[in-house]
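No hydrogens, no waters, no symmetry mates; every other heavy atom, side chains included, goes into these values.
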Amino acid sequence: MLLVRWVSLLLLALLVVFGPPLLPPYYVNLATRVLIFALFAMSLDLLLGYTGLWSFGHAAFFGFAAYGVGLFTLRVQNNLVLAALTSLAATLLLAALFGLLSLRARGVYFMMLTLALAQVVWGVAFKWRSFTGGDDGLPAIPRPDLSPLPLKAVNSADFYIFTAVIFVIATSILFLITRSPFGASLEGIREHETRMTVLGYNIWLHRYLAHLFAAFFAGVAGILFAYHNGIVSPTDLSVVRSAEALLMVVLGGAGTLFGPIFGALVVELLKHFVSIYTERWLAILGLVYVITVLVAPNGIYDAVRRLFRLQFVPLGKLALSDGGVRKWILPLRRR
């Protein structure tokens, strides 16, 4: 059974990497955006879903890394490795500072601190026109040179493959983190902080490391977005971008890791296709959110997983499983 699961995951990864490039360029670009924002949402899920920290300023790391790679590429050198490493190092330094300032707070105070700190970064990007371009942003960011690889970044399909490979690697690392003893400790802290303290766990250190991991992967998503979009603006640091990531996590299913992928897919598809017919696509997105909360309170991923279990588990096995009779047969009799 374990072998079948791993083979299925491998086939799914191959489909994600090599499937969409066969589509027309518009859909290839859309698939690229979905993967980038899915990675961004998964990085937030590490904080929100696994650690129980509601961050309202996660876009600070997404946009900061995007600005970092844009500035390095435009003003220093168009070198993917140097630009990415410099940008990620700067993003981790920012996250380390923000973590020291915000993680001493709890609950709504933590939310407000993350929002305030993110707004400081947004304000700097908006006002420092000579360095960041102000509200015009940094346009004309070239795609990275992928000449060592058999890919051309200027080609939408090749850049999608590059993005998908990074996405699969980052998702695998996040999966290992969440399934490790460290990830289990984060869930324990989320569920019962006092008990974990009594057991001897350093609560603040675990949260701080989770904060750094989340910022790192948000930075990776920001770098990919800067290269894909070709422009970085203060919008990428704004509270709206943070709210989008929060919505993706909640829609897909917080604490599931793969749930935000579904959330990113729904949000990006609605943003692109519904906005063609109406400017009020946000109202439709809100309606989708309300329906999801009512029908699948644990998110889309949990609903899909339950549906597949019901689809493929034999009725006899389901009824005889732990709690199966009470959960499925007795309610039917009552009706």
Side-chain angles (χ1 to χ4, degrees), residues 8-46 49 58-59 61-63 65-66 69 80 84 87-88 91 141 143-144 146 149 151-178 213-232 236 241-242 244-249 251-253 256-273 299-301 304:
S8 302
L9 288 174
L10 178 61
L11 292 176
L12 181 61
L14 292 175
L15 179 64
V16 167
V17 173
F18 297 107
L22 303 176
L23 299 173
Y26 175 81
Y27 296 103
V28 173
N29 286 322
L30 181 57
T32 305
R33 285 183 62 94
V34 169
L35 291 187
I36 291 171
F37 282 104
L39 178 57
F40 179 38
M42 283 193 292
S43 71
L44 178 59
D45 190 34
L46 187 63
H58 202 58
F61 311 118
F62 178 87
V69 79
L80 172 63
S87 178
L88 287 175
T91 303
I141 300 173
R143 292 275 176 90
L146 301 177
L149 303 173
L151 298 171
K152 295 181 180 179
V154 292
N155 185 300
S156 297
D158 285 355
F159 185 75
Y160 170 83
I161 293 175
F162 171 73
T163 302
V165 169
I166 299 297
F167 173 80
V168 170
I169 294 172
T171 302
S172 302
I173 296 172
L174 281 168
F175 179 81
L176 292 175
I177 291 173
T178 56
F213 281 130
F216 175 84
F217 289 105
V220 173
I223 290 171
L224 292 173
F225 182 75
Y227 281 132
H228 169 70
N229 208 36
I231 182 172
V232 183
D236 301 317
R241 188 71 78 199
S242 295
E244 282 184 358
L246 276 170
L247 185 59
M248 291 173 187
V249 173
L251 271 179
T256 60
L257 185 62
F258 298 113
I261 300 175
F262 289 85
L265 181 64
V266 170
V267 172
E268 286 300 310
L269 289 181
L270 282 173
K271 185 189 296 185
H272 282 77
F273 291 116
I300 298 172
Y301 176 72
V304 171

Which pair of heavy atoms, one from Thr256 and one from Gly253, lies closest together, and at what distance? OG1-O, 2.6 Å
Going through the checks in order, is the side-chain contact (heavy atoms from CB on, under 4.5 Å) test met by Val267 and Phe37? CA-CA 10 Å; Val267 172; Phe37 282 104; over 6 Å; no
Closest non-hydrogen atom pair between Val232 and Ala226, with its separation: CG2-CB, 3.7 Å
Using every non-hydrogen atom in the two residues, find where Ser242 and His58 come nearest and quote the distance to one decimal. OG-N, 3.3 Å
Does the plane of the ring in Phe162 sit parallel, tilted or perpendicular to the ring in Phe159? Use 30° and 60° as the thresholds. tilted
For Pro260 and Ala41 the tightest heavy-atom approach is CB-CB, 3.6 Å
From CD (Glu244) to CD (Glu268), nearest 0.5 Å: 7.0 Å
Is a side-chain donor or acceptor of Ser43 paired with a backbone partner of Phe40 at a separation under 3.5 angstrom? yes
Are side-chain heavy atoms of Phe175 and Phe258 found at a separation under 4.5 Å? yes
Interatomic spacing from CZ in Phe213 to CG in Leu46 - rounded to 0.5 Å: 8.0 Å
Rounded to the nearest 0.5 Å, what separates atom CG in Leu269 from atom CZ in Arg33? 11.5 Å
Nearest heavy-atom pair of Ala84 and Val69: which atoms, and what distance? N-CG2, 4.4 Å
First locate atom CD1 of Ile261, then atom OH of Tyr301, and finally report the distance between them rounded to the nearest 0.5 Å. 8.5 Å
For a 4.5 angstrom cut-off between non-hydrogen side-chain atoms, does Thr32 reach Leu224? no
If every non-hydrogen atom of Phe167 is compared with every non-hydrogen atom of Leu35, which pair is closest and at what distance? CD1-O, 3.5 Å
Does His228 form a side-chain contact (heavy atoms from CB on, under 4.5 Å) with Thr163? I'd like the steps, not just the answer. CA-CA 9 Å; His228 169 70; Thr163 302; 5.9 Å; no
Taking the side chain as every heavy atom from C-beta outward, state whether Tyr227 and Leu80 have any atom pair closer than 4.5 Å. yes
Using 0.5 Å steps for rounding, measure from the CG atom of Leu30 to the CG atom of Leu265. 8.5 Å
Once rounded to the nearest 0.5 Å, what's the spacing between atom CZ of Phe225 and atom CZ of Phe62? 5.0 Å
Check whether any side-chain N or O of Asp45 sits under 3.5 Å from a backbone N or O of Leu257 as a donor-acceptor pair, and report yes or no. yes
Below 4.5 Å, heavy atoms only, C-beta onward: do Phe216 and Ile173 meet side chain to side chain? no
Qualifying salt bridge (charged side-chain N to carboxylate O under 4.0 Å, His left out) pairs with a residue from residues 34-44, counting only residues at least two apart or across chains: none
